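Presented below is the structure to which this report refers.
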Amino acid sequence: MIEKKIANVNDIKFDSFTTPSTLNIFHGIDWISLEHKGTLGFVFFAGADDIPIVDNN
């Protein structure tokens, strides 16, 4: 598969060049990994810095 030179917001790509392979989404400036960063069963919200925070109240 040939990678696109220009990405659009919300484009998703499978990066097999990393170990382990990752799924990434383009947010307009850079690619962000879609890896799971939370604790199973908890509700998370992304902050302004794209870092998920837990809020179970």
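Worth knowing before you read on, the calculation uses all heavy atoms, side chains too, and leaves out hydrogens, waters and symmetry mates. This one's a predicted model, so the numbers in the text were calculated from it and none came from an experiment.
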message: For a quick test of reading the model, state the closest non-hydrogen atom pair linking S33 to N24 and the distance between them.
response: CA-OD1, 3.2 Å
statement: The reported gap from CG in L34 to NZ in K13 (rounded to nearest 0.5 angstrom) is 11.5 Å
message: Test of understanding: with side-chain contact (heavy atoms from CB on, under 4.5 Å), list the residues that count as partners of I32, not counting sequence neighbours.
response: I25, H27, D50
Within-4.5 Å side-chain heavy-atom neighbours: L23 and I12: yes
query: What pairs with S21 under side-chain contact (heavy atoms from CB on, under 4.5 Å), at least two apart in sequence or on another chain?
result: F14, S16
- prompt: Under 4.5 Å between any side-chain heavy atoms of D15 and W31, yes or no?
  reply: no
